[in-house]
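A quick write-up on the structure given underneath.
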Amino acid sequence: MQVGIIDLERLSEIPKRHWAAHEFCFYIHDLIAHLTRVAEEIGAGELRIQLRDEADLEALRTSEDPVEFLIATGRTEEERRLMVNHVCRALFPDMLNFIHGGLIALEKRKFTMALSLFRKPFKEGLPILALMSADEGEFFQKLKSDPRRYFDGQEFNAPAKKEIIAAAIDICDGMEFAQPDALFSILFDYDNDGGLAGLFDKATHLFTRRSKNATEDYNINFIFKNPRDNDIYDSCYRQIAYVLLFVHLLQIELLSRMGFPKANYLDHLTRVSVGGFEAIFGNGPSRMVKFFNQEFREFMECPLCGEQIRLRKSTAAKFFLTEMLVCSRCGHEHQLPVSWIFTRATKEEE
Ligand SMILES: [Zn+2]
C-alpha cells in the first residue's frame, strides 16, 4: 500500500509491503520539522520579563547575556523556562538531521548507516526530551550543575531512563498507544532479539561483546550483510515509527509549555499522527478511526456518488496522512480539510 506522500522512485528499493510504514515515518519526521519551524517563526519559547526596579535595569546593563541577568536577579523560574526552551529549540533540529539521514539511508538499503544514524536521536535525544517532559526541574538542575556526570550514563542510566520514559508517557496527551516497557525494551534492552538496541550497537561497532549481542566467531558486525536482505525492513519499521511518534508527542507537550498559541492545532496533530500509526501498525479496531467517523460524519459524503463514507482501516492511513477520503462505492478520492474543520469546531465549542 502506498499512501502517496513519497514519490514511487524513492520507494522503489523498499518492499511494497513496507511503503506505508516508510511514508508514515517520513510523515512524522516532517511533522516534527514543521512544528520546529513554526515554533521558531512565531517566537514560541521567547520570554518576556518585566523589569521591576532600578536594580533590575542595572543588572540588565551589566549582564553579559540574558541568563546571567536572570541569575543575578534571582529569577530561577524564568531561568529554567528559558533554558528548557533553548534546549528544545536546538535539540529537535539536531535530532531531525539524524532521523532524516536514517530514513533516506533506508530508501537506499544502506542498513548499517540508517541504524547508526537513528542511534543518537533515539537513545540520547529521546531520554532528554522525556526527562524535560516528565521532570523539568530535575533536568534544569542537572544541566546547570553537573551535566557531564549526570548525562554520561552513570546516573541517568538504563533504570533511570526507564522510569523517566514511563513518567513522560503518563504526562503527555495521546500516549495511550505507548507502553513504557515496550519502548524501553526496543531502545535499551540488548537481550531483546527483535529490538533496536542490539542492532544500533552492531551497526555502530565492528565488534561487540555484550552476551546476547556479541559478534559471532569468524565474523565482523554487518560487513558481510547482503544488501538485498529485507530482514531489517521487516523487523524495524514498526519500532522506528513507534519511537518517532513518541518523540512527536513529547514535542507537542514541550511546545504547549513554551506558549505555542494553538492548543487545538496541537490536539489535531496528536489525533492524526496517532490515527495514522494505528491504521498502519495497530492490531484491532482503531480509536481514532472511530473518533473521526463519529465527529466528521456530516462532512464524509462522496461528492461524486453521494455515498456516506466511513473510514476503514485500509483507507484510514491515507486519510490521516494526506486528508484524502476514498469512497468505498465509486473509488473517488476527495480532500477533506480536517485541520480546518477541526479548528472551526473547537472555536464553536469555545
Ligand atoms: Zn463515491
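On a predicted model such as this, the values are computed, not experimentally measured, just so you know. The first residue of the sequence shown is numbered 1, and numbering continues consecutively from there.
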Electrostatic pair Arg61:Glu58 at N-O distance under 4.0 angstrom: yes

Point-to-point distance, once rounded to the nearest 0.5 Å, from CG of Asp231 to SG of Cys236: 8.0 Å

Exercise: do Asn293 and Arg297 side chains pair donor with acceptor under 3.5 Å: no

Under 3.5 Å side-chain donor-acceptor pair for Thr73 and Glu78: no

Heavy-atom closest contact (Val247 atom, Met95 atom, distance): CG1-CE, 4.1 Å

Asp201 with Arg210: basic N within carboxylate O range, under 4.0 Å: yes

Salt-bridge contact Asp94-Arg89 (side-chain N to carboxylate O under 4.0 Å): no

Val326 versus Ile309, closest heavy-atom pair with distance: O-CG2, 3.6 Å

Pair Glu136 + Arg81, salt bridge at N-O below 4.0 Å: yes

Side-chain heavy atoms of Leu311 within contact of Phe320, under 4.5 Å: yes

Salt bridge flag under 4.0 Å for residues Glu216 and Arg209: no

Pi-cation contact, Phe26 with Arg10 (under 6.0 Å, within 45°): yes

Cation-aromatic face contact Lys162/Phe184, 6.0 Å, 45 degrees: yes

Hydrophobic cluster membership, Phe277 vs Leu266, 4.5 Å side-chain cutoff: yes

Leu187 backbone acceptor or donor facing Lys123 side chain under 3.5 Å: yes

Row check, Phe151 ring normal vs Lys142 NZ/CZ: under 6.0 Å, within 45°: no

For His34, side chain to side chain donor-acceptor pair (under 3.5 Å) partners two or more places apart: Tyr265

Parallel, tilted or perpendicular: rings of Phe24 and Tyr27 (30°, 60°): tilted

Flag, side chain of Thr208 to backbone of Asn213, donor-acceptor distance under 3.5 Å: yes

Nearest heavy-atom neighbours spanning Asn85 and Met258: OD1-CG, 3.0 Å

Under 3.5 Å: donor-acceptor pair, side chain of Glu278, backbone of Met288: yes

Side-chain donor-acceptor contact under 3.5 Å, Ser185 with Asn192: yes

Whichever hydrophobic residues join Tyr190 through chains of side-chain contacts under 4.5 Å: none

salt_bridge(Asp229, Arg109) N-O dist < 4.0 Å: no

Backbone of Ser339 reached by a side-chain donor or acceptor of Glu323 within 3.5 Å: yes

Cation-aromatic face contact Arg271/Phe291, 6.0 Å, 45 degrees: yes

Aromatic plane relationship, His29 with His100 - under 30° parallel, 30 to 60° tilted, over 60° perpendicular: tilted

Glu13 and Lys108 ion-paired at < 4.0 Å: no

Within the 6.0 Å centroid threshold, strictly below: Phe111 and Tyr233: yes

Donor + acceptor pair across side chains of Asn230, His18 (<3.5 Å): no

Minimum-distance pair of heavy atoms, taken over all atoms of Phe69 and Asp56: CE1-O, 3.3 Å

N-O pairing of Arg17 and Asp234 below 4.0 Å: yes

